[in-house]
Novice: 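Below: one structure in structure tokens.
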Amino acid sequence: MSLPEKGRGLEELLAEIARIKQEDLPVRGGKVTAYVYDTGRPEVHEAASRAYFEMLEVNALDPTAFPSVVEMERQVVGAVAGLLGGGSGIFTSGGTESVMLAVKAARDSRAVGGRPRMAVPVTAHPAFHKAAHYLGLVVDAVPVDPVTFRAIPAAVEAAITEDTVLVVVSAPSYPQGVVDPVAEIASIASARGVPCHVDACVGGWLLPWLREAGAPVPPFDLSVPGVTSLSCDLHKFGYSPKGASVVLFADPELRRRAYFASASWPGYTIVNATVQSSRSAGPLGGAWATLQALGRDGYLELGRATLAAARRLREGIAGIPGLRVLGDPESALVAFGSDEVDVFVLSDEARKRGWFLQPQLSYAGIPANLHITVTGVTLQGVEAMLEVIARSAEAARERGPVTLPEGLVELIAGLDLDALDDGTFGELAASVGVDLGGSGQPEMAVVNAVLDALPADRREAILLRFLSVIYT
Ligand SMILES: Cc1ncc(COP(=O)(O)O)c(C=O)c1O
């Protein structure tokens with residue numbers, strides 16, 4: 001971008017933003033089954049936007065300068081604690097930051113002899129690996145049950161060492177939407193004197209409403225003995241604009257371990273509850289307004305619609321030849337795989353028909369599959385979605401699986417990425433038909449097939465390079 005010589009008018013800027021956003025997936029309407037959470041009620045999103053805008057310029061850095069932040073945060077955190085078993089909380093920018101703070105608090109609450117370690121089921125979100133990477137912990141990956149995809153209590157117990165500072169469970173884990181055996185694992189952790197974090201980022205503001213709507217949801221929150229902290233994202237099933245999550249701690253002393261203060265400089269005093277210092281109170285305003293605009297009734301009604309849509313979707317997918325739902329999710333996340341059609345091709349076929357189904361690579365014995373996050377809006381279009389999945393599966397069957405040029409995977413696996421500059425990497429990708437500079441609706445099946453054939457560390461190296469190339 002070149003900085004314009006002279007400032008430009010609002011209308012022109014808005015027109016340009018509309019052009020820039022042209023190729024984005026739509027954030028409303030229910031045809032994008034990941035990333036976005038739609039109530040299907042424009043007035044709720046309108047209230048959130050207005051409140052976001054009202055709080056936009058307020059800096060949450062200093063609650064003494066802007067007491068509105070304290071009042072709003074107490075209300076929002078209080079609502080989350082009220083639904084999820086109490087505790088003291090922090091409003092954060094998202095699941096990753098909530099997890100980061102829970103891991104920091106656990107790390108700083110107990111000194112261990114070696115490097116602090118975390119027992120983390122393989123289905124837990126990579127936010128834990130990121131937190132470990134940033135905060136200097138070691139992750140002990142724990143296998144899950146290959147049929148139910150739930151963490152295995154005995155395997156978690158076996159992974160606990162003298163240096164373990166945290167045990168992690170998910171409610172639910174994102175990939176297959178299943179809830180780990182929270183009570184059993186929290187009790188094991190407690191018996192070993194180790195804190196237990198429940199990652200309810202995606203389920204915290206969903207499962208209670210599904211339960212109230214009649215779904216069998218096991219206990220998973222801070223009222224479960226042994227659970228010491230819990231993360232719950234409001235920018236997922238709370239339907240708030242992005243930048244909204246809450247991390248709760250059973251004990252205020254543990255919450256204090258998440259805080260940071262510094263007086264080691266000659267400037268203003270720093271005391272932060274979050275990773276970020278200066279930050280807009282816009283997301284807090286947006287979350288506050290969304291909770292207020294929907295209320296208990298609104299969330300319960302959305303929960304009912306979500307439950308009905310998830311049930312219909314699971315049953316419908318199971319009826320499509322060649323497809324099968326993975327696991328038996330208690331939540332509204334549905335993953336399906338196939339031994340007969342290439343799911344990555346199916347995803348591309350759905351995208352051609354205007355729907356985005358999220359590809360998930362095979363990992364730890366779990367096959368490649370497609371993921372659908374059912375939200376409040378899904379029910380209205382669930383039959384259309386099933387029709388698209390059926391037609392896309394048929395088309396994928398006709399097209400057959402992606403065939404990669406012989407030797408390509410081995411070539412990529414053996415590449416010395418450090419010896420390649422971004423330009424050469426881009427050319428290499430283009431030579432196998434992957435246009436990293438392209439926009440619009442990319443065919444992703446080849447990319448996904450290549451990634452799927454690589455081990456995780458090579459996938460990561462390729463993804464990092466991809467990011468670097470697209471931002472060149
Ligand atoms: C279970 C779980 N934990 C953590 C996260 C990370 O959340 P965020 O993307 O808000 O950082 C996600 C995101 O999908 C999730 O599903």
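Numbering of ligands and ligand atoms starts at 1, following listing order. Values below: all heavy atoms of this structure, side chains included; hydrogens, waters and symmetry mates excluded. The chain is numbered in sequence order, starting from 1.
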Novice: Is the count of non-hydrogen atoms from other residues, nucleotides or ligands lying under 6.0 Å from E383 atom CD greater than 12?
Specialist: yes

Novice: Pairwise, report which nitrogen or oxygen atoms of ligand 1 are under 3.5 angstrom from protein nitrogen or oxygen atoms, and how far apart they are.
Specialist:
{"residue": "ligand 1", "atom": "3 (N)", "partner": "D199", "partner atom": "OD1", "Å": "3.3"}
{"residue": "ligand 1", "atom": "3 (N)", "partner": "D199", "partner atom": "OD2", "Å": "2.6"}
{"residue": "ligand 1", "atom": "7 (O)", "partner": "K236", "partner atom": "NZ", "Å": "2.9"}
{"residue": "ligand 1", "atom": "10 (O)", "partner": "G95", "partner atom": "N", "Å": "2.9"}
{"residue": "ligand 1", "atom": "10 (O)", "partner": "D233", "partner atom": "OD2", "Å": "3.4"}
{"residue": "ligand 1", "atom": "10 (O)", "partner": "H235", "partner atom": "NE2", "Å": "2.8"}
{"residue": "ligand 1", "atom": "10 (O)", "partner": "K236", "partner atom": "NZ", "Å": "3.1"}
{"residue": "ligand 1", "atom": "11 (O)", "partner": "G95", "partner atom": "N", "Å": "3.4"}
{"residue": "ligand 1", "atom": "11 (O)", "partner": "T96", "partner atom": "N", "Å": "2.7"}
{"residue": "ligand 1", "atom": "11 (O)", "partner": "T96", "partner atom": "OG1", "Å": "2.5"}

Novice: Give every residue pair that meets the side-chain hydrogen bond (donor to acceptor under 3.5 Å, both in side chains) criterion with at least one member in residues 215-233, sequence neighbours excluded.
Specialist: H197-S229, H197-S231, D199-S231, D221-S223, D233-K236, D233-S245

Novice: Looking at every heavy atom in both E73 and F91, which two are closest together, and how far apart are they?
Specialist: OE2-N, 2.9 Å

Novice: Taking all non-hydrogen atoms of both residues into account, name the closest pair between T375 and D38 and its distance.
Specialist: OG1-O, 3.3 Å

Novice: Just to verify, what does Y299 make a ring pair (Phe, Tyr, Trp, His ring centres under 6.0 Å) with, not counting sequence neighbours?
Specialist: W205, W209

Novice: Sequence neighbours excluded, which residues qualify as ring pair (Phe, Tyr, Trp, His ring centres under 6.0 Å) partners of H371?
Specialist: Y174

